[in-house]
Every structure is written in C-alpha cells, then in structure tokens.
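To start, the structure under review is shown below, and the notes come after it.
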2 protein chains.
Amino acid sequence: MHAKPQTIALANTRAAILDLAERLLQEKGYNAFSYKDISNPLGIKNAAVHYHFPTKTALGVATLRRYRERFQEYILGFEQSDADPLAKLNGYIAIQIDHLRNGYRVCPLGILEAEYNTIPSELRAEAKALEKEIWFWVRDTLAAGREQNIFHFMGTSEDKACLIAAALQGALQMARIAGASSFFAIVRQIKRDLGLKE
Amino acid sequence: MHAKPQTIALANTRAAILDLAERLLQEKGYNAFSYKDISNPLGIKNAAVHYHFPTKTALGVATLRRYRERFQEYILGFEQSDADPLAKLNGYIAIQIDHLRNGYRVCPLGILEAEYNTIPSELRAEAKALEKEIWFWVRDTLAAGREQNIFHFMGTSEDKACLIAAALQGALQMARIAGASSFFAIVRQIKRDLGLKE
DNA sequence: GTCTATAACGTGATAGAC
DNA sequence: GTCTATCACGTTATAGAC
C-alpha cells in the first residue's frame, strides 16, 4: 500500500496556515491581517488558502479552536501528573512568558476582546468558550492552593481568578509599550499578593 | 464687534469629530473605524473630515492627545483639592466604570497596545506618553496611601502600580466577554489586596 | 490542491467648485 | 468649511483551468 501524498500535503498546508494565522492574530489582531499575509510567506496564492478555509471567519474560528484544544491538553497534563497548584499557576504564567518572548504576542483573548464589536459572532463564541475554560481552571487552581496552604488571599477564588487572568492579559499588552520588565513586575506582584515567598 | 461664526463652526465640527473618533476608537479600535463612520453620523462628507484632520494618523493622534489632556486635568483636580489616596484610586476606577457603562468601551491604551504592530509611530508615541503619565500617578498614589497607612501591600509601589493598571485595563476588555460583573469582581479584589475593608 | 484571473467592495486621500 | 467627483489601492471571495 502506498501513502496518500495529497492527504499529507493537505494536512501540512492546513497546519502551516493555522500556525501563521495564530501568529498573525496575536501579533496584529484579527482585522489587521489579510490572506496575503498568509499566502505570501507560505509561497502559495490566496485562492489556496480559501480552499482550506472558505472564509476568513472559518479561518479565525479554526485558529482559536486549535489554540483552545492545545490549552486543554496542557492542563490535562497537569491533572495526569498530579501537579501542585503552584506548579499549575507557574505553568499558566509560562504560557504568557512564551508569548512575550515570541515577538511580544498577546493573548488571543485580549485581541478578540479589544476587537469584539467588529468580529463575526462565530469568533465571539469561540472566544467565550476559551475564556470560560481558562477562568474555571485558574479558579479551581487558586481554591486548591488555598486549601493546601500554598496560596493566601482574601475574598473568593472566583474574584481572584478574574483579577489574575485580567492582569496577565493586560500585562502582555502593556509590555509592548512599557517593555518586558513591566510584565515581570506584574508577575512578581501577583505572587506577592498570593503570599508566596520571593 | 461681531462674533466669528466660521471659527465657531470649525471648533464645533472639530470637537464633534474628536468626540466620535474617541468613541469609535474605544468601541471598535483604530483599524476598524473609517472616515465614513465619522462623516455619516455627523451629516457631513469625508472630505470635510479630511479638512480638519488631513490624515487618519493626525486624527488618531489628536484624539489620544485630547484624552490625555483630560486625564491631566482630572488628576490636577485631585491635587488642588488635596484629595486622599483612596479618593484618587476611586477616581481612577470611576473613569473605568464610566467607560464600562458607556457601551463597554475599553481603555484607549488597551486598544492601541493590542493593535500596536499595525498603528503609525506617531500614535505609538502618544500611547507611550499616556501610559507613562497614568503609571506615575498610580504609583505615587499607592506610595502616599501606604505611607498614610491607608493601603497595605507587599513589594514596591512600582510593581503594584503595574499590576493595578494592567488589571483594570484587562478588566474592561474581559467585561465584553464575561459581563460587567467580572469587572466589578476585579475591582473588589484589587481593593481587598490593598487591605481595604469591604 | 493549487493556479490565473477577476469581481465587488470599502478604504484613505486629493482636486477643484462653491 | 463643505461639497462633488474621483483616484489608487487593498481586501475577501469566486470561477474555472490544470
């Protein structure tokens, strides 16, 4: 039996498009990237991109969904290894640091929230789903950490999860203007406000 | 002596354009609003907008500069009335609540940071100036509040100012997806983490 | 699957009349 | 100061050949 080269080629191109779309989304925003920004670097034509993703909305949705699935796998890894809450928090922060170091990308959520009134409803729905998952996970991690006397804070873990998620999202954006040091200042302060040792 | 009607007319149109541009900037972002979005509601033609602001860059810069000057006047009012640090912090939060209640607008800084890689350098410079002013003022307010035993927190007021500024910025954005309640959750938590009574 | 070619539209911007 | 008219360009998207 022979392998099916065309199927492989499809998967590769598709994945390459999604990789680039994800990067462009985080670097420039949904409105500010075009099919040309995708087809040119890949050495293909915009019609080829349309073959894989008929509309820009479909491309955006697929990009965000893949990002979300990757996040799910990431946190699943923590559950399977019985990681402690601090390791989980550090893991979430590590994702943001990765974005920061990778060309000052911002969280896709932050971009889509900023552009919220101008993006298609399908994209909004995907963003909502991602936001919910992140928030649930941060909240549970904070609650578990407090129960184990690792984190110390006043108020509900719901409120604290909102604060930390929003602060990290804002931190990545702020870093574009104020530099990477402002991002790390925020991470330091988040940890102090959880009663963690420096 | 007669008044000069044409001068007054100019000032009115100019101000009306800036009002609308500011709203559009905070609601849709810099890239997503057009001259048509401005001229149509005002009942004028796009050429008239170009008369007052030759380029979109000039319009964006003027919009942001006026926002910054208003902020300067706002904090000057606090200095002249010898307001205490808590009143100042609440004043800053009140600006954000005003944005939230006014059609889920976000902080202009947040929008411009998200679009940072796609906006003209003149706009970036204006955003930097605004960011600096806000940060200095929040930092000084936090430091004074700690000295007066009103605020209580670990770490430097520099770090804490970064955290609070980023969190409020992220809170306005998050509210678009998660609703206004998530914004107020973050405000509550910020105050708790400053050792303020509920 | 990818190409060429093109459609249909919106954009920022300008020239010149009033 | 505002208008009409127009330009040059970039955008998403489609039809049909290969």
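Below, chains carry the letters A, B, ... as their sequence lines are ordered, and counting in each starts from 1.
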### Task
Just compare dA13(C), dT4(D), dT2(C) and give me whichever is closest to any side-chain atom of Lys56(B).
dA13(C)
### Query
Between dG10(C) atom P and Asn31(B) atom CG, what is the distance in whole Å?
18 Å
### Query
The side chain of His50(A) lies closest to which of these nucleotides: dC3(C), dT14(C), dA13(D)?
dA13(D)
### Query
Rounded to the Å, how far apart are Lys28(B) NZ and dT11(C) C1'?
13 Å
### Query
Rounded to whole angstroms, how far apart are OH on Tyr51(B) and P on dT4(D)?
18 Å
#### Entry: Exercise: identify the closest heavy-atom pair between Leu20(B) and Leu42(B)
CD2-CG, 3.9 Å
### Task
For Glu115(A) and Asn31(A), test the side chains for any donor-to-acceptor distance below 3.5 angstrom and give the result as yes or no.
yes
### Query
Given atom CG of Asn46(B) and atom C1' of dT4(D), what is their separation to the nearest angstrom?
11 Å
### Message
OP1 or OP2 of dT11(D) versus the side-chain N and O atoms of Ser34(A): is any pair under 4.0 Å?
### Response
yes
### From CZ (Arg146(A)) to OG1 (Thr141(A)), nearest 0.5 Å
13.5 Å
### Query
For Lys45(A) and dT2(C), is the shortest distance between a side-chain N/O and OP1 or OP2 below 4.0 Å?
no
### Lys88(A) side chain reached by Glu79(A) side chain, heavy atoms, under 4.5 Å
yes
#### Entry: Length of the NZ-C1' vector between Lys36(B) and dT11(C), whole Å
10 Å
### Task
Figure out the CZ/P separation between Phe53(A) and dT12(D), and round it to whole Å.
15 Å
### Task
Please state how far atom CD1 in Ile17(B) lies from atom C1' in dT2(D), giving the value in whole angstrom units.
11 Å
### Query
Which nucleotide, dT14(D), dT2(D), dT2(C), lies nearest any side-chain atom of Ala48(B)?
dT2(D)
### Query
For dG1(D), does OP1 or OP2 lie under 4.0 Å from any side-chain N or O of Thr13(B)?
no
### Message
With a 4.0 Å cutoff (strictly under), does any side-chain N or O of Thr55(B) reach OP1 or OP2 of dG12(C)?
### Response
no
### Query
Do any side-chain nitrogens or oxygens of Tyr35(B) fall under 4.0 Å of OP1 or OP2 in dG12(C)?
no
#### Entry: Mutual orientation of the aromatic rings belonging to Phe71(A) and Tyr92(A) [parallel < 30°, tilted 30-60°, perpendicular > 60°]
perpendicular
### Message
I need the CD1-P distance between Ile38(B) and dT2(D), as an integer number of Å.
### Response
14 Å
